[in-house]
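Accompanying notes for the structure given below.
Within every chain, numbering begins at 1; the chains are lettered A, B, ... in the order of the sequence lines, protein sequences first and strands thereafter. Every heavy atom of this structure was used, including side-chain atoms; hydrogens, water molecules and symmetry mates were not.
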Amino acid sequence: MLDIKLIRDQEAVVREGLARRGHSAENLDAVVEADRQRRALVTEVEKLKNQLNVVSKEIGQLKAKGQDTADKQQAMRELRDRITGMDAQVREVEAAMRERLLSIPNLPHASLPAGTDASANQVVRTQGMPCEFAFKPKGHVEIGEKLGLFDFPRAARMTGAGFPLYVGLGARLERALISFMLDLHVAEHGYTEVSPPFVVNRASMVGTGQLPKMAEDMYHCTDDLWLVPTAEVPVTNIYRDEIIDQPLPICLTAYTPCFRREAGAAGKETRGLIRVHQFDKVEMVKFVEPATSYDELETLVGQAEDVLKRLGLHYRVLLLCSGDISFAAAKCYDIELWAPGQNAWLEVSSCSNFEAFQARRANIRRRKDGKVDFVHTLNGSGVALARLVVALLENGQEADGSVTLPEALVPYMGGIRRLEAPDKKA
RNA sequence: GGAGAGGUGGCAGAGUGGUUUAACGCGCCGGUCUUGAAAACCGGAGUGCCGCAAGGUACCGGGGGUUCGAAUCCCUCCCUCUCCGCCA
């Protein structure tokens, strides 16, 4: 949510920012008008409330002296009814304004390249080189099915398409990667591990920006609970409606499964692990001093990259353009892994600075020099599974169909260095 | 799921219709005193909104209602605690 005071005082700046994002000014216009109305109404109704309070107190004093107050009471009855009506008007205007405000995206940071879609994103750096193969590299589906790592047909029967079932070493690899990444962030990057609920209430979904706009992409349960689309939601909401009373930054990391309906996305990449409705992810979340948030963003990207470096994977970092960043982000880096079987880059991490956008929605504040103000929030995938598994299988594949694992994973795989077909094992 | 008791400022805890602009205490901040500290004493201290300001207004778990006036009465929802039932 943008600051209404910023909109009020620097409307032109806000207008320009939204234009760079390619967002229409319709919501902004409505907010500006509603704000004007609201202030006029509030000023007037508060005068009336003051009158009501003063006279009510008088009535109490007069009654104590045994005097007649019927006239004043009648007058106040009428005044109160007027106030009730105006209060309702204020609430109406406020609700309309808030709904519009909640639908306005964050303003893009000045450092973003201009552009309307992914084609304008900038490659910031590339790490490693694509693996050379003496044979035509296979796709992860073929590799994994031969090795018995997952079973899509049965998963589709029990649940539906896009819900993977991992089996044997496939399931073990999933667990190993989660542990490896959590350990790395805790031991080397200074994060505190948390394990949050996998469903959250509506207010939390609004707090991080998934609602009201993206409801169609979410799984909605009974009791108005929502399956988390990312750990960002429960973890950021840990401090919702709080004035944080501890030193910043606060750095938290969490594993959660992520549930996404991706409504409308069907038809593309429907096979395999690349686009699924449920995947595992380790997420990093930071609550920081506003002055430091862009430095923290760079650190965050580096920490996500560290995961991939230690796994020896070929990746590149993209700076997203003004038209391609997510709704709540002011600046965002994506990290993509090279998948030789797909002959394509796969997004496995998105590291964003939301500035105060989420903090304002979720009301997360801290005290600074006696004043209360919003913190800045950031988060980044560190990193997302499923696609990471795709890259590991496709990069590590051997001519005989087995897969060599990165050294860093071996301790987490109980000493296993190579994924082999069950019938080949002793 | 059933029965009961509760939810008040950082903590603890009074307040059951109008001198409450929420008491007292602890903790916190500033000051006096002291070589320094403690103690004692004095003072300060919530959050949002409207307003250039003075000031006003709202908030006692959330929402609604009764009343001239609600922390206080009524309805409803949420949460916590105790007991019972069920259960990994």
Side-chain angles (χ1 to χ4, degrees), chain A residues 1-11 31-102 195-207 211-212 220-226 234 237-248 250 287 356-375:
Chain A
M1 185 161 59
L2 297 180
D3 186 356
I4 184 62
K5 288 176 196 135
L6 179 74
I7 292 175
R8 206 180 283 158
D9 300 341
Q10 303 194 51
E11 194 184 319
V31 165
V32 169
E33 175 56 23
D35 179 50
R36 224 177 36 72
Q37 272 183 42
R38 191 190 83 91
R39 285 190 291 161
L41 279 168
V42 164
T43 303
E44 197 185 337
V45 75
E46 288 195 349
K47 269 186 213 154
L48 301 183
K49 282 182 180 176
N50 177 239
Q51 196 186 339
L52 179 75
N53 287 343
V54 168
V55 176
S56 291
K57 198 163 272 183
E58 272 175 37
I59 291 173
Q61 288 162 356
L62 291 173
K63 277 198 162 183
K65 294 182 200 156
Q67 298 186 20
D68 177 59
T69 59
D71 286 356
K72 282 188 195 296
Q73 286 191 34
Q74 178 57 33
M76 287 307 100
R77 205 168 297 143
E78 284 161 17
L79 180 59
R80 181 247 282 149
D81 288 345
R82 225 178 121 199
I83 289 171
T84 305
M86 290 184 70
D87 270 343
Q89 262 185 67
V90 170
R91 270 200 302 276
E92 223 169 90
V93 171
E94 267 177 0
M97 183 169 100
R98 182 170 166 80
E99 196 176 316
R100 294 283 194 165
L101 260 182
L102 288 175
S195 179
F198 299 163
V199 290
V200 296
N201 58 31
R202 177 176 290 269
S204 293
M205 291 291 272
V206 171
L211 294 182
H220 191 191
C221 309
T222 50
D223 300 327
D224 204 19
L225 294 175
W226 302 70
N237 277 284
I238 288 174
Y239 292 105
R240 174 155 56 81
D241 289 324
E242 282 195 35
I243 298 173
I244 295 176
D245 195 21
Q246 55 179 295
L248 299 180
I250 296 172
F287 304 83
F357 189 84
Q358 289 182 329
R360 193 172 291 110
R361 283 179 166 242
N363 196 28
I364 304 170
R365 298 174 294 172
R366 61 89 175 78
R367 246 176 263 274
K368 175 81 171 178
D369 304 325
K371 289 201 165 187
V372 174
D373 199 10
F374 297 106
V375 302

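Lys72(A) comes within 4.0 angstrom of no nucleic acid atom, judged by non-hydrogen atoms across all strands. Within the 4.0 angstrom heavy-atom criterion, only backbone atoms of the sugar-phosphate kind lie near Leu52(A); the bases stay farther away. As judged by a 4.0 angstrom heavy-atom cut-off over every strand, Lys63(A) is placed among the base-contacting residues. Residue-level contact check: Val55(A) touches neither bases nor backbone, having no heavy atom under 4.0 Å from any strand. Contacts of Lys371(A) with the nucleic acid, taken as non-hydrogen atoms under 4.0 Å apart, are absent. Residue Arg8(A) is classed as a sugar-phosphate contact, given heavy-atom separations below 4.0 Å to backbone atoms only.
Side-chain proximity of Thr43(A) to U47(B), C50(B), C68(B): nearest is C50(B). Between A58(B), C68(B), U47(B), one nucleotide has an atom nearer to the side chain of Val372(A) than all others, and that is U47(B). The listed nucleotides are C68(B), U57(B), U47(B); the one nearest the side chain of Gln73(A) is C68(B). When distances run from any side-chain atom of Asn50(A) to the nucleotides C50(B), U57(B), C68(B), the shortest one goes to U57(B). Comparing G69(B), U47(B), U21(B) against the side chain of Lys57(A) picks out U21(B) as the nearest. Nearest nucleotide to the Arg80(A) side chain, out of A58(B), G56(B), U67(B): U67(B).
Whole-Å rounding puts the Ile364(A) CD1 to U47(B) C1' distance at 16 Å. If you take CG of Leu48(A) and P of C50(B), they are 18 Å apart, rounded to a whole angstrom. When the C1' atom of C59(B) is taken as reference, atom CG of Asn53(A) falls 14 Å away, rounded to whole Å. Summarising the geometry, the separation between CZ on Arg240(A) and P on G61(B) is reported as 18 Å, rounded to the nearest angstrom. Going from atom CG of Asp9(A) over to atom C1' of C52(B) covers 13 Å, rounded to whole Å. Atom-to-atom, CD1 of Ile243(A) to P of C11(B) comes out at 12 Å; the value is rounded to the nearest Å. Protein atom CD of Glu94(A) is 11 Å distant from nucleotide atom C1' of G48(B), rounded to whole Å. To the nearest angstrom, C1' of C50(B) lies 5 Å from CD of Glu46(A).
Contact record, Arg361(A) with Pro212(A): NH1-CD, 4.5 Å, taken as the closest heavy-atom pair. Across every non-hydrogen atom of Glu94(A) and Arg38(A), the tightest pair is OE2-NH1, 2.7 Å.
Not one side-chain nitrogen or oxygen of Arg365(A) sits closer than 4.0 Å to the OP1 or OP2 atom of U47(B). Distances shown here put every side-chain N or O of Lys49(A) at or beyond 4.0 Å from the OP1 or OP2 atom of C50(B). For Arg39(A) and G51(B), the shortest distance from a side-chain N or O to OP1 or OP2 is below 4.0 Å. Listed pair Arg367(A) / G10(B) fails the phosphate criterion, with no side-chain N or O lying under 4.0 Å from OP1 or OP2.
In this structure, the side chains of Val375(A) and Leu248(A) come closer than 4.5 Å at one or more pairs of heavy atoms. Inter-residue side-chain proximity for Gln358(A) and Ile364(A) is flagged as unmet; no heavy-atom pair is nearer than 4.5 Å. In this structure, the side chains of Asn201(A) and Trp226(A) stay at 4.5 Å or more apart for every pair of heavy atoms. Side-chain contact between Lys63(A) and Gln73(A) is present, with at least one heavy-atom pair separated by less than 4.5 Å. A 4.5 Å side-chain heavy-atom check between Leu211(A) and His220(A) finds every atom pair outside the cut-off.
Between Val54(A) and Ile59(A), the residue anchored nearer the 5' end of RNA chain B, judged by the nucleotide with its closest heavy atom, is Val54(A). Both Gly60(A) and Thr84(A) lie near RNA chain B, and the one whose nearest nucleotide falls closer to the 5' end is Gly60(A).
Of the nucleotides present, U80(B) is the one that pairs with A5(B) by Watson-Crick or G-U wobble criteria, both distances under 3.5 Å. Using the Watson-Crick or G-U wobble rule with both distances under 3.5 Å, U32(B) pairs with A40(B). In this structure, G27(B) makes no Watson-Crick or G-U wobble pair, since no nucleotide meets both defining distances under 3.5 angstrom. Nucleotide A22(B) forms a pair with no other nucleotide shown, judged by Watson-Crick or G-U wobble geometry with both contacts under 3.5 Å. The partner of U16(B), taking Watson-Crick or G-U wobble pairs whose two distances both stay under 3.5 Å, does not exist in any strand shown. Base pairing analysis places G46(B) opposite C59(B); the two distances defining the Watson-Crick or G-U wobble pair are each below 3.5 Å.
One P atom belongs to G43(B), the other to A23(B), and the distance between them is 15 Å to the nearest Å.
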